[in-house]
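Written out below as structure tokens is the structure these notes cover.
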Amino acid sequence: LFINKQETYEMNPLDMDITLTSLFSVLLAEDVLRYVIGAGGVYLVVNTVLGRKLAQRKIRDKNPPKGQIKREILSSLRTALIFAIVGFAIVFGTELGLFWLYFDVADYGLPYMAASTLLMIVLHDGYFYFSHRFLHRPKVFRAAHKLHHKSNNPTPFTAYAFNFGEAVANAGFLPLLLLVMPLHPLAIFIFTNHMILRNAMGHSGFELFPARRDGRPMFDWMTTVTHHDIHHAQAGYNFGLYFTWWDRLMGTEHPTYHDQFKAAIRYKGKVSSELPLAPLA
Ligand SMILES: [Zn+2]
Ligand SMILES: [Zn+2]
């Protein structure tokens, strides 16, 4: 995948050109496949194969309008293209010594590789939370986040349905992190696959997360599907991606979130909140 320095020196311009083209093709194929397999896989398993079994956990009564998935896939392919361009820039920036990508696991050891993968997820959650709140400023929203919210009732394919500006903002996380932190390609690979999986699940429209006996989410520190579904129904709340930490710290979690989670899992017990349930369109 990466250009061998010695090879580069020996290559004639034509070979060099072919190498760059094939490098970009590999990066583009990787980003497109990640979306197709990630979003398509979640759609196939959750919304199609298990659709009937999961009917008790369907968050909304209504189904997304016709034509929505087609629009989501088209805009998501543009996002994959932008991700591939940024990936290409990361390879070149690494060649120039700008980014801290390393290839030998032994350089920092296995514990560092595991810790850096987890840290990447935690840092991305914070980056996503604050950039997402910025995207919700009225002027910015119209220019860069409107398309994602056109899917009021999301599907797994909503995962990459971004305006150009939002795609660039999302893609910016990795090169920024590589300026300050050494990362192994395998750590990045695990991070990006976790990202698409959580992203596609969060837009699936079925509550996939386990619940405790009292109807609260088993892992309350993680964002459930209901958590992000509420964000699409009522945009002023629930900006987090993987964890509920930032929404709770900043006071932006929807006041009836836990009751809406109980409603999504058809919990038979009492609902605690006095507040009325927010209507899900
Ligand atoms: Zn969303
Ligand atoms: Zn939003």
Side-chain angles (χ1 to χ4, degrees), residues 34-35 38-43 46-47 58-60 62-65 68-80 82-83 121 124-173 192 194-209 222-248 250-255 257 260-261 264 278 280-281:
R34 179 169 293 116
Y35 173 72
V42 169
Y43 183 78
V46 175
N47 302 66
K58 195 166 187 293
I59 297 171
R60 310 196 201 186
K62 282 185 183 168
N63 288 319
Q68 180 176 313
I69 288 181
K70 192 181 165 190
R71 185 192 71 232
E72 291 172 340
I73 292 175
L74 284 174
S75 55
S76 292
L77 290 176
R78 179 183 57 193
T79 300
I82 293 164
F83 285 0
I121 293 170
H124 183 229
D125 184 64
Y127 177 89
F128 184 91
Y129 178 86
F130 289 100
S131 60
H132 191 186
R133 283 199 68 176
F134 179 72
L135 286 168
H136 274 271
R137 288 184 180 200
K139 273 187 182 168
V140 187
F141 182 88
R142 280 192 293 275
H145 193 43
K146 208 177 169 187
L147 190 63
H148 189 70
H149 280 277
K150 220 175 159 183
S151 304
N152 175 284
N153 190 355
T155 77
F157 295 104
T158 315
Y160 276 8
F162 300 147
N163 285 97
F164 177 80
E166 180 172 8
V168 171
N170 272 294
F173 172 70
T192 43
H194 168 265
M195 179 273 291
I196 189 68
L197 195 69
R198 289 291 310 273
N199 190 343
M201 280 168 65
H203 291 107
S204 68
F206 290 87
E207 186 47 75
L208 304 172
F209 282 81
M222 285 173 101
T223 53
T224 60
V225 182
T226 303
H227 200 272
H228 193 67
D229 203 279
I230 292 171
H231 178 72
H232 279 263
Q234 282 187 299
Y237 301 96
N238 300 6
F239 297 92
L241 180 58
Y242 310 124
F243 310 113
T244 50
W245 304 325
W246 285 110
D247 274 309
R248 287 182 190 167
M250 304 299 288
T252 51
E253 190 169 77
H254 196 283
Y257 161 56
Q260 295 198 55
F261 179 83
L280 290 177

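First listed ligand is number 1; within each ligand, the first listed atom is number 1.
- A side-chain donor-acceptor contact under 3.5 Å links H136 and H231.
- Within the 6.0 Å centre-distance limit, the rings of Y160 and F83 are counted as a close aromatic pair.
- R137 pairs by the salt bridge (charged side-chain N to carboxylate O under 4.0 Å, His left out) definition with nothing, not counting sequence neighbours.
- Atom NE2 is the N, O or S atom of H203 at the shortest distance from the Zn ion (ligand 1).
- Of all protein N/O/S atoms, those lying under 2.8 Å from the Zn ion (ligand 2) come to 5.
- There is no side-chain donor-acceptor pair under 3.5 Å between Q260 and T226.
- Aromatic ring pairs are classed by plane angle as parallel below 30°, tilted from 30° to 60° and perpendicular above 60°; the pair H124 and F128 is perpendicular.
- One side chain, H254 or Q234, offers a donor N or O that lies under 3.5 Å from an acceptor on the other.
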